[in-house]
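Residue numbers count from 1 along this sequence.
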Amino acid sequence: MNAPKGSTRRTALKRFAAAAGAAAAAPLLGPLDPARAADQASEHIGAAAWETVLDGSFASRATLEASWNYLYPWGSDHNGTARMYASSSDTNHLWLSPSGVLNIKATRITWNEGNSSKDPYLPIHYHSAAIHAKRQVLVNDTYPNWELRGQFQAPSAPGTWPAFWITGANSWPPESDILEFKGDSRNWFNTYDGSWDNTIVPVSSPGSWHEYRIWMTKTSATDVQIHYYLDGTWKAAHTGSNFVGKAMNIIINLQMEGSSGSSGPSGDTLYRAQNVYVGRTNNG
């Protein structure tokens, strides 16, 4: 989300933090205008120091591997029918072209490769790719505010299941899905803290570049509030109970079938990302 004309980055951050603080101070009664909430609460929000955690990591293979690991944090399999195969020596399903753009490709296989090792143990029908960031998200008193965003060209055909999300490194929940398409042109903004909170938003031409973003802020000793944005427009605020103090992995992946339906495409499926950014306030 771009700062208003003439605003500094610090001013924009102050407004974002104020919006989250105002939202947390009262129940959500219909759509919230974060800008108006910020105007009302900004005098109570200090301008904390801001630092970048992740930026520009798709400029080259070296910068990709400096900031990201291949596969899921737990390995090659998850809850769909795609198995992840990307590595430093295997660029069939993950490559950078042009500079600054991450490409992930899912390819249908024609042989029996058994079933996924993860619940619900679906048969493997595709080879695809995933990456997870080496740095993790951790909301606490030192880092109470986080921004995660990126621009994506997402597949939305039946049987395709792209995602940009954060999930607990040591436990599940927590989880926040910033981008998730399940076989049609609606993005699912999801928060899981033991039960699901879903905001489902139609997206015009998901295969074109769109920006998906969250602003997450600590609202109590245990909880956060997560604001979800599409192309700079606020869409929802969810409460994440018991998110505070729990490290979360950042993941970009192209899963297939599963919750997105079956049978999936017989040809190749492409998912692209650029300008993925992570930043936080630092009170240390």
Side-chain angles (χ1 to χ4, degrees), residues 1-2 28 30-34 58 72 78-82 84 93-95 97-98 100-108 120 122 125-131 147-167 175-192 196-216 226-238 250-277:
M1 184 176 186
N2 294 326
L28 290 175
L32 172 70
D33 180 343
F58 302 148
Y72 296 109
H78 195 32
N79 52 1
T81 65
M84 308 300 146
H93 299 282
L94 187 151
W95 67 94
S97 176
V101 177
L102 173 76
N103 298 266
I104 294 178
K105 180 176 72 174
T107 302
R108 184 95 183 191
L122 298 175
H125 293 157
Y126 293 87
H127 289 179
S128 187
I131 56 174
E147 179 186 15
L148 291 84
R149 55 179 160 82
Q151 296 170 342
F152 296 87
Q153 292 181 335
S156 56
T160 63
W161 194 3
F164 170 44
W165 54 304
I166 56 176
T167 190
E175 179 176 328
S176 169
D177 302 318
I178 309 165
L179 177 156
E180 183 179 15
F181 286 88
K182 300 181 182 182
D184 60 31
S185 61
R186 300 174 300 161
N187 184 58
W188 290 63
F189 292 119
N190 307 311
T191 303
Y192 184 68
W196 288 102
D197 197 353
N198 314 111
T199 299
I200 305 169
V201 179
V203 179
S204 176
S205 183
S208 301
W209 289 111
H210 294 278
E211 183 185 73
Y212 303 82
R213 174 179 172 271
I214 63 169
W215 176 269
M216 181 163 54
I226 306 173
H227 289 255
Y228 291 93
Y229 296 81
L230 173 64
D231 292 327
T233 299
W234 181 88
K235 295 298 181 181
H238 298 170
I250 306 166
I251 303 171
I252 300 172
N253 70 274
L254 176 55
Q255 191 48 255
M256 301 293 284
E257 299 185 322
S259 292
S260 64
S262 60
S263 149
S266 58
D268 292 341
T269 298
L270 291 176
Y271 177 36
R272 295 184 173 93
Q274 65 180 7
N275 298 325
V276 172
Y277 174 86

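- Just one residue in the list Arg213, Glu211, Glu147 forms a side-chain contact (heavy atoms from CB on, under 4.5 Å) with Tyr229, and that residue is Arg213.
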Does Ile178 form a side-chain contact (heavy atoms from CB on, under 4.5 Å) with Trp188? I'd like the steps, not just the answer. CA-CA 8 Å; Ile178 309 165; Trp188 290 63; over 6 Å; no
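- Going from atom NE2 of His127 over to atom OG1 of Thr81 covers 10.5 Å, rounded to the nearest 0.5 Å.
- Evaluated for a side-chain contact (heavy atoms from CB on, under 4.5 Å) with Ile166, the options Ile226, Ile251, Ile214 yield exactly one hit, Ile214.
- Across all their heavy atoms, Asn79 and Pro120 have their closest contact at O-CD, 3.6 Å.
- Taking CG of Leu254 as the start and CD1 of Ile104 as the end, the distance is 6.5 Å to the nearest 0.5 Å.
- Using cut-offs of 30° and 60° on the angle between ring planes, the pair Phe189 and Tyr228 is tilted.
- A donor-acceptor pair shorter than 3.5 Å can be found between the side chains of Asn253 and Tyr72.
- No hydrogens or angles considered: nothing links the side chains of Arg149 and Tyr277 as a donor-acceptor pair under 3.5 Å.
- Classification of the Trp196-Tyr192 ring pair by plane angle, with boundaries at 30° and 60°, yields tilted.
- The closest side-chain heavy-atom distance from Phe181 to Ser260 is not below 4.5 Å.
- Heavy atoms only, all atoms of each residue included: Pro206 and Ser156 are closest at CG-OG, 3.9 Å.
- With hydrogens and angles ignored, the 3.5 Å screen pairs a side-chain donor or acceptor of His210 with a backbone N or O of Ser205.
- Closest approach of Ala237 and Trp234 over heavy atoms only: N-CZ2, 3.6 Å.
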Could you walk me through whether Arg272 and Leu102 satisfy the side-chain contact (heavy atoms from CB on, under 4.5 Å) test, starting with their C-alpha distance in whole Å, then the side-chain angles of each, then the deciding distance to 0.1 Å, before giving a yes or no? CA-CA 5 Å; Arg272 295 184 173 93; Leu102 173 76; over 6 Å; no
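- Distance check, rounded to the nearest 0.5 Å: CH2 of Trp209 to CD of Gln153 gives 4.5 Å.
- Within the 3.5 Å criterion, the main-chain N or O of Met84 finds no donor-acceptor partner in the side chain of Ser128.
- Contact annotation: the side chain of Leu94 never approaches that of Asn103 to less than 4.5 Å [non-hydrogen atoms, C-beta and beyond].
- The salt bridge (Lys or Arg N to Asp or Glu O under 4.0 Å) test applied to Asp184 returns Arg186, not counting sequence neighbours.
- In terms of heavy-atom proximity, Met256 sits nearest to Thr269 at CE-OG1, 3.7 Å.
- The CZ atom of Phe164 sits 8.5 Å away from the CG atom of Leu179 when rounded to the nearest 0.5 Å.
- Atom-to-atom distance recorded for Asn187:CG and Ile200:CD1 is 9.5 Å, nearest 0.5 angstrom.
- Inspection of the Glu257 and Ser262 side chains reveals no N or O donor paired with an N or O acceptor under 3.5 Å.
- Distance check: His93 NE2 to Lys105 NZ gives 6.5 Å after rounding to the nearest 0.5 Å.
- Of all heavy-atom pairs between Arg108 and Pro265, the closest is CD-O, 3.8 Å.
- For the pair Ala236 and Thr199, the tightest heavy-atom approach, listed with the atom from each and the gap, is CB-OG1, 3.2 Å.
- Exactly one of Gln255, His78, Glu180 qualifies for a side-chain hydrogen bond (donor to acceptor under 3.5 Å, both in side chains) with Trp161. That residue is Glu180.
- Aromatic ring centres of Tyr271 and Phe152: separated by under 6.0 Å.
- Side-chain atoms of Pro162 and Lys182, non-hydrogen and from C-beta on, never get closer than 4.5 Å to each other.
- Residues Glu175 and Asn190 have side chains not in contact (no heavy-atom distance under 4.5 Å, counting atoms from C-beta outward).
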